[in-house]
Protein chains: 2
Amino acid sequence: MPHHGSLNGRREQLIRANLTAIHQYGLADATIARIARLAGVSTGIISHYFGGKSGLMEATMRHLLAELGRAVTERRQGLDADDVEGHVDAIIDGNFDSTQTNRAAMRTWLEFWASSMHQPALQRLQRVNERRLYSNLCHQFRKRLPPTQARDAARSVAGLIDGLWLRGALHPDGIDINGCRRLARENARFWLAQTH
Amino acid sequence: MPHHGSLNGRREQLIRANLTAIHQYGLADATIARIARLAGVSTGIISHYFGGKSGLMEATMRHLLAELGRAVTERRQGLDADDVEGHVDAIIDGNFDSTQTNRAAMRTWLEFWASSMHQPALQRLQRVNERRLYSNLCHQFRKRLPPTQARDAARSVAGLIDGLWLRGALHPDGIDINGCRRLARENARFWLAQTH
DNA sequence: GGATATTGATTGAACGTTCATTCAAACACA
DNA sequence: TGTGTTTGAATGAACGTTCAATCAATATCC
């Protein structure tokens, strides 16, 4: 039974402060001193709740991943199993959900991608996400296309989602969410219109 | 070694050592000491030639950009001005040139993208690159499509190039260069087949 | 029910490490 | 000898972690 700050409350507060710190200073300059100051607590508390800075980083990535999963799942609920266009659109829209396209989240994703190339813990998480997007799409396309084309379609739409997202993240004026969604949807429609 | 550390030779040697260091250790752990050791020189030499670590980083990004520009330009030489498919394919192929798809370059690009969000010098360089890819493509598509569709086509193909590249960079087994090129080309063909 | 013990959250200064930079000295060549 | 190159130890700043001390909220006991 926690006393004042409930355990999950503190953890979420620190994760949010971490996202803000990465957004404001970049991962390299997101020191625990700055993160703690943004959360209005002292430095020691981070090690207390996450066992160290890297624990907080992993928890932050898990947090973003969970929000992405939720954003997609919510949009797919209630859709008919035959409604391939509906499911594909839901997957596309979920990937451009506001939880994934705000500046702090985009900046953090970019930093985590780079870090994941040498941090096994982050690499595993990133890989789960990459495969989930691909196989979700592939599963839908297979309902309408032969396996080879379905694979190509899934690779293409997944790549387009990530690429449009990336270019939006790097663009100084920010990301054009509706434009991205429209182009990704158009690409999916192209593949689904293929006759086999 | 004697004087024969020609100024440009030394600089290129240090840039190459920097790429290797970022590949092996990641940007955060690519310290001056490690870079210098990989180049077989002492730490002070980096400040002597680049004025500091950030100077070396900027020079390294310029180096990658120059190689990308060369890879595209070479492939476009000798093509007819009417050959839209040829130019688009050259742009696509150049972006997946071996200078851009080796592990060290991919890792370094990722790190630089993340860093560029808070380093004005890197941000300018990154932006030049982003716009160049887009406007090169747009210029070609305009020869065949009305302006609105040409813009969409360019955004789509540019996004697909970057997205496929990104997913390849993050994939543990490495990037499938020919697969990426094929999918990007297919997407370009789709847009060019549109009737207006 | 009031006093006391227990628990777990929280603090922040101290510690040891690591890093980029600097610069006087050494060096190589013309 | 003079000039530009190279060295590497010294410097000081900054970082993450640790931990004894403090505090607030419950639990236990008489």
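Just so it is clear, the values below take in all heavy atoms, side chains as well, and ignore hydrogens, waters and symmetry mates. Convention: sequence-line order gives letters A, B, ...; per-chain numbering from 1. In this text, all values refer to a predicted model and were calculated from it rather than measured experimentally.
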Practice task
Rounded to the nearest 0.5 Å, what's the gap from CZ on A/Phe50 to OG1 on A/Thr60? Could you check?
Solution key: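 Reported value, rounded in 0.5 Å steps: 6.5 Å.
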
Exercise for the section: Starting at NE2 of A/His87, measure out to CG of A/Asp82 and round the result to the nearest 0.5 Å. Expected result: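 Those atoms lie 8.5 Å apart.
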
Handout entry: Steps toward side-chain hydrogen bond (donor to acceptor under 3.5 Å, both in side chains) verdict (B/Ser156, A/Asn187)
Key = CA-CA 8 Å; B/Ser156 183; A/Asn187 189 251; 5.0 Å; no

Problem - Pair B/Arg10-B/Gln13, side-chain donor/acceptor within less than 3.5 Å - result: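 Yes - a donor-acceptor pair under 3.5 Å links their side chains.
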
Problem - Single-linkage hydrophobic cluster B/Leu192~B/Val157, side-chain heavy atoms < 4.5 angstrom - result: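 In one cluster: yes.
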
Handout entry: End axis versus end axis in the helix from C/dG1-D/dC30 to C/dA30-D/dT1, the angle rounded to 10°, five pairs used at each terminus
Key =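 Overall, the helix from C/dG1-D/dC30 to C/dA30-D/dT1 bends by 20° from one end axis to the other.
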
Exercise for the section: Taking the side chain as every heavy atom from C-beta outward, state whether B/Arg151 and B/Arg155 have any atom pair closer than 4.5 Å. Expected result: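 When only atoms from C-beta onward are counted, B/Arg155 and B/Arg151 do not touch, as no gap falls below 4.5 Å.
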
Problem - pair A/Asn95-A/Asp97: side-chain heavy atoms closer than 4.5 Å - result: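 Answer no - side chains too far apart.
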
Fill in the blank from the handout: Per-nt protein contacts along nucleotides 11-22 of chain C (heavy atom under 4.0 Å; B base, S backbone sugar-phosphate only, - none) come out as BBB-----SSBB

